[in-house]
Amino acid sequence: MGNYYSLYVSNPEGTPKTLENPSFDPNFGFPNGRKERVMIATEQEMEAAKIPLADRDYCAHKLIAYRACRADVWPWAVKCAHEKHEYLNCEYEDYIYRMKEYEREKRLLLRKQRIEKKRGAEEMAA
């Protein structure tokens, strides 16, 4: 509810759009740069494993390993607890990363608004 309120009512210019790419340089604020995220599983591997489009993210390689383990040891799928744990941890870390990126974008948008407001006040005073 809070995100929709800020997106459409209280501050639409200072709220990031979730389905759009970030509007700021990804290395802004990082003097030594950032480590780039790389997809480990290829498109062909995901198609061969019949991974749904919704699950084709940065954790797809762990999902492929988990599904392969389940297929190998079925009906004793409990033997794949380690692979399942790795996959779920990867999904959680990916979620945390995306939330941090959203917060970073939001703070940079608010910073941009403050700077523009300050410049406008200076121009009015001059």
Side-chain angles (χ1 to χ4, degrees):
M1 167 94 184
N3 187 41
Y4 288 107
Y5 178 75
S6 63
L7 181 60
Y8 296 113
V9 178
S10 68
N11 191 6
E13 295 85 23
T15 305
K17 311 296 186 276
T18 54
L19 298 177
E20 294 179 7
N21 289 329
S23 57
F24 295 95
D25 179 24
N27 290 322
F28 180 70
F30 294 91
N32 299 328
R34 298 171 79 178
K35 182 180 175 185
E36 185 176 342
R37 296 181 80 189
V38 180
M39 280 290 294
I40 297 173
T42 64
E43 195 68 33
Q44 292 80 17
E45 290 174 339
M46 291 186 281
E47 284 180 16
K50 298 180 182 172
I51 304 293
L53 290 176
D55 293 332
R56 294 184 184 191
D57 56 6
Y58 289 100
C59 299
H61 62 287
K62 296 198 184 272
L63 179 59
I64 292 171
Y66 173 54
R67 286 186 169 187
C69 177
R70 283 181 55 119
D72 291 342
V73 299
W74 190 258
W76 296 279
V78 72
K79 291 183 179 182
C80 299
H82 181 70
E83 286 83 358
K84 181 179 181 181
H85 181 73
E86 283 184 351
Y87 170 66
L88 292 176
N89 272 347
C90 182
E91 285 289 320
Y92 174 73
E93 289 170 6
D94 184 54
Y95 174 77
I96 295 297
Y97 178 82
R98 287 184 285 116
M99 291 301 108
K100 286 181 179 180
E101 285 299 311
Y102 176 84
E103 279 296 318
R104 178 178 183 271
E105 181 78 11
K106 185 174 181 178
R107 290 169 192 257
L108 288 172
L109 284 170
L110 293 174
R111 176 181 180 264
K112 180 180 172 185
Q113 281 183 335
R114 285 192 310 269
I115 290 172
E116 289 173 355
K117 185 177 177 182
K118 186 177 179 182
R119 280 191 190 142
E122 289 173 355
E123 289 175 2
M124 293 294 284

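Small disclaimer: the values here were computed from a predicted structure and weren't measured.
The neighbour count for Glu47 CD, taken as heavy atoms of other residues, nucleotides or ligands under 6.0 Å away, is above 12. A 6.0 Å sphere centred on OH of Tyr92 holds no more than 12 heavy atoms belonging to other residues, nucleotides or ligands.
The hydrophobic cluster containing Leu88 also includes Met39, Met46, Ile51, Tyr58, Leu63, Ile64, Tyr66, Tyr87, under a criterion of side-chain heavy atoms closer than 4.5 Å among ILVMFWY residues, counted directly or through chains of members.
Note: Ile96 CD1 to Glu101 CD = 12.5 Å, rounded to the nearest 0.5 Å. The distance from atom CG of Asp57 to atom NZ of Lys62, rounded to the nearest 0.5 Å, is 12.0 Å. Note that OG of Ser23 is 8.0 Å distant from CG of Leu108, once rounded to the nearest 0.5 Å. From Arg104, atom CZ reaches atom OH of Tyr97 across 8.5 Å, with rounding to the nearest 0.5 Å.
Pairs engaging residues 77-117 under the disulfide bond (SG atoms under 2.5 Å apart) rule: Cys59-Cys90, Cys69-Cys80 [sequence neighbours left out]. For residues 95-126, no residue pair satisfies the disulfide bond (SG atoms under 2.5 Å apart) rule, not counting sequence neighbours. Listed by first and then second residue, the salt bridge (charged side-chain N to carboxylate O under 4.0 Å, His left out) pairs that reach into residues 11-23 come to none, sequence neighbours excluded.
With Asn89 as the partner, the side-chain hydrogen bond (donor to acceptor under 3.5 Å, both in side chains) test is satisfied by one option alone out of His85, Glu91, Glu86: His85.
With sequence neighbours left out, the side chain to side chain contact (heavy atoms under 4.5 Å, CB included) criterion links Trp74 to Arg70, Ala77. Arg107 meets the salt bridge (Lys or Arg N to Asp or Glu O under 4.0 Å) test with Glu103; sequence neighbours excluded. Remark: Pro52 engages Asp55, Arg67 in a side chain to side chain contact (heavy atoms under 4.5 Å, CB included) (not counting sequence neighbours). With sequence neighbours left out, the salt bridge (Lys or Arg N to Asp or Glu O under 4.0 Å) criterion links Asp94 to Arg37, Arg98. Residues meeting the salt bridge (Lys or Arg N to Asp or Glu O under 4.0 Å) test with Glu45, sequence neighbours left out: none. Residues satisfying the side chain to side chain contact (heavy atoms under 4.5 Å, CB included) test with Asp25, not counting sequence neighbours, are Asn27, Phe28. Scored by the salt bridge (Lys or Arg N to Asp or Glu O under 4.0 Å) test, Glu43 finds Arg56 as partners (sequence neighbours excluded).
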Would you tabulate the side-chain donor-acceptor contacts of residues 113-126 under 3.5 Å, counting partners in other chains and residues two or more places apart, or write 'none'?
residue	atom	partner	partner atom	Å
Gln113	OE1	Asn11	ND2	3.3
Gln113	NE2	Asn11	OD1	3.0

